[in-house]
Amino acid sequence: MRILSGDVKSHIGKKVRVEGWLHKKRLLGGLTFVSVRDRKGLVQVVVQDKDEVEKLRGLQIGTVLAVEGTVKDEPRAPGGAEIHEPTLEIMVPVTEESPIEIDKPLSHKSENLDTLFDNRVVGLRNLQETKIFKIRSELTRYIREFLYQNDFVEINTPKLVAGAAEGGAEVFKVDYFGQEATLAQSPQLYKQIMVGVFERVFEIAPAFRAELSATTRHVSEVTMLDIEMGFIKDHGDVMKMVQNMVYDVLNRVYKEHAEDLKSLNVPELILKPEFPSYTMAEIHKLFSKETGKDTSKEIDLTPEEEKWICEYSKKQNGCEAVYATNLPKSKMKFYHMANDDDTARSADLLFRGVEIATCPQREHRHDKVVEQMKAAGVDPTHPGFSHFLLAFKHGMPPHGGCGFGIDRFTEKVIGLANIKEAILFPRDINRLAP
RNA sequence: GGGCUCGUAGUGAAGAGGCCUAUCACGCCUCCCUGUCACGGAGGAGAUCGCCGGUUCGAAUCCGGUCGGGCCCGCCA
């Protein structure tokens, strides 16, 4: 009966069997330490029998093996216990040398990322890499738990769609049995439709972007958290929900994974329960005043301003998450709600220097949506949009939501330099494998 | 798409006209080592310095081209 590495300590004096991968062997003459890795971590095995040590000759890191032996209480061992007088059983021998180290941190320098991803299949077994993706998994778990507690229903919407979902972003075209289809760049229209069903919905799913962007914050396949909620007073309700979610998730991960975050050199969390909020115009003004660079003519925030306002808010407000609201109307999408002035009811959530979410209010009045569609050059009779409008004809409450980048969030939580480092198998303009 | 950069053993780095028959660390192989945990020690294998061409008595090093990366901007989340 197999037990896991993490449970060894509670089996002192008993004979146990562990199964896992050969992680490391240290030969000290008459004494050999063998580190076995399983899903709970590592366990140390002490081998003294020459014949048992000999079984490992020529076998490389990654060899799958089973170990049966007696657990001994041992303060000198990692985890406080280790397995003695073992019998080794090689389940799958590995004779190929590992292309990349799994025992020491891998280089994440930008010029070495290509090697990192070329060797990803094995490199992900590196303990430091594992921690990144364990934390990513936990972040999405906390997000789900928060949203379930707030009455959200998790949905799944199609990724093969008839037309561009929202315009703006470039789309991937796909041959769909002779018809032209695209890969969804966002579940935008479907999640809004679902507000008419459940009021509150969310989805965590890939979105596909065909922009020829080559930066540290862009990939062509992203994992998006999309939230949409009905019966809101204004987009302040959405901002509050997303703020509370981010506050809760960040505090949980810092509390429950303090050790892993520390070993990844993650910076201290500087957060307030209420995130400060500035309009885009205010940020342009503040930035121009502080840096002397005039950005008053910029429509959106420049990447430099995004970094700057986060630093500013960290110092000024003790909060490294900050909202940038009131995007100029000229950049507004047709499904957004406009303010009375020339701005939109938008709010971008910035965290540690990048935009991780947009939280606008939607236009829920049918005729107004059609009007904004036409103004944006979108055909309301196109099958990609006519079904969307049908939902509005049959009653949509005031609603809003957010598109929230899970990859960027993970990247920034861990303090990585490139979004790709937070993705198992990233897709960018040059990479389609592994 | 524009600008700027970088390609040296499996991995990470040093070398910036002759000291290079290319150095170091990790990994790998052989041997020694009974408390390692980035174990230690001795020895060894492994690189036509991305590729093509040029300059030069001589090129990893300089120049041109080419291929492949990266960063920033734009676009976008």
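Letters A, B, ... are given to chains in the order of the sequence lines, protein chains preceding strands, and every chain is numbered from 1.
Ring planes of A:Phe152 and A:Phe202: perpendicular class, angle over 60° (limits at 30 and 60°). Between A:Phe409 and A:Phe351, the ring planes are tilted. Angles from 30° to 60° get that label. Taking the six-membered ring where tryptophan is involved, the planes of A:Phe334 and A:Phe385 are perpendicular, since the angle between them exceeds 60° and thus also 30°.
Residue-to-nucleotide contacts include no donor-acceptor pair under 3.5 Å from the side chain of A:Ser213 to the base of B:C76.
For A:Glu101 and B:A25, the CD to P distance is 14 Å, given to the nearest whole Å. To the nearest angstrom, C1' of B:C76 lies 10 Å from CD of A:Glu306. Look at CG on A:Leu327: it is 10 Å from P on B:C76, rounded to the nearest Å. Per the geometry, CD1 belonging to A:Ile356 stands 16 Å off C1' belonging to B:C76, to the nearest Å. Rounded to a whole Å, the NE2 atom of A:His108 is 16 Å from the P atom of B:U11. The CD atom of A:Glu298 sits 12 Å away from the P atom of B:C76 (whole-angstrom rounding). In this structure, A:Leu212 places its CG atom 14 Å from P of B:C75, rounding to the nearest Å. Rounding to whole angstrom units, CD1 of residue A:Ile100 and C1' of B:G12 are separated by 10 Å.
Nucleotides B:C24 and B:G41 have their P atoms positioned 15 Å apart, rounded to a whole Å. For the P atoms, the distance linking B:A9 with B:G15 amounts to 16 Å, nearest Å. B:G40 and B:C26: their P atoms are spaced 7 Å apart (whole Å). The gap from the P atom of B:A22 to that of B:G68 amounts to 31 Å, rounded to the nearest Å. Using atom P as the reference point in both B:U8 and B:G3, the two lie 25 Å apart (nearest Å). Spacing of C1' atoms, B:A60 relative to B:G7, comes out at 11 Å, to the nearest Å. Look at the C1' atom in both B:A47 and B:U21: the space between them is 13 Å, to the nearest Å.
For A:His387, the NE2 atom counts as loosely surrounded, since its 6.0 Å shell holds 12 or fewer non-hydrogen atoms of other residues, nucleotides or ligands. Counting heavy-atom neighbours within 6.0 Å of A:Tyr176 OH, excluding the residue itself, gives a total of 12 or less.
The minimum heavy-atom distance between A:Ser296 and A:Ser288, with the atom names listed, is N-OG, 4.2 Å. Residues A:Ala324 and A:Leu301 come closest through the heavy atom pair CB-CD1, 3.9 Å. The shortest non-hydrogen separation linking A:Arg209 to A:Ser186 is NH2-CB, 4.1 Å.
In this structure, A:Arg408 does not reach the B:C76 phosphate: none of its side-chain N or O atoms is under 4.0 Å from OP1 or OP2.
Look at B:C4: its Watson-Crick or wobble partner, with both distances under 3.5 angstrom, is B:G70. Across the strands present, B:A38 finds no partner; the criterion is a Watson-Crick or G-U wobble pair with both atom distances under 3.5 angstrom. Look at B:C62: its Watson-Crick or wobble partner, with both distances under 3.5 angstrom, is B:G54. Using the Watson-Crick or G-U wobble rule with both distances under 3.5 Å, B:A25 pairs with B:U11.
Within 4.0 Å (heavy atoms only), A:Pro303 reaches sugar-phosphate atoms of the nucleic acid but no base atom. A:Val219 comes within 4.0 angstrom of a nucleotide base, judged by non-hydrogen atoms across all strands. The residue A:Ser35 sits apart from the nucleic acid: no heavy atom pair falls under 4.0 Å.
Along RNA chain B, the nucleotide closest to A:Leu106 and the one closest to A:Thr302 are compared, and the more 5′ of them pairs with A:Leu106.
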Table of protein N/O atoms under 3.5 Å from nucleotides 68-71 of chain B N/O atoms:
unit_1: B:G70; atom_1: OP2; unit_2: A:Asn430; atom_2: ND2; d: 3.2
unit_1: B:G70; atom_1: O2'; unit_2: A:Ser110; atom_2: OG; d: 3.2
unit_1: B:C71; atom_1: OP1; unit_2: A:Asn418; atom_2: ND2; d: 2.6

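Closest to the side chain of A:Thr115, out of B:G1, B:U11, B:C76, is B:U11.
Residues A:Val34 and A:Leu56 are in side-chain contact: their nearest non-hydrogen atoms beyond the backbone lie under 4.5 Å apart.
A:Phe146 has its ring centre no less than 6.0 Å from the ring centre of A:Tyr142.
Listed by chain and number, the residues in a salt bridge (Lys or Arg N to Asp or Glu O under 4.0 Å) with A:Lys159 are A:Glu203 (sequence neighbours excluded).
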Summary of protein contacts for nucleotides 28-38 of chain B, nucleotide by nucleotide, where a base hit scores B, a sugar-phosphate-only hit scores S (4.0 Å, heavy atoms): SSSS-BBBBBS
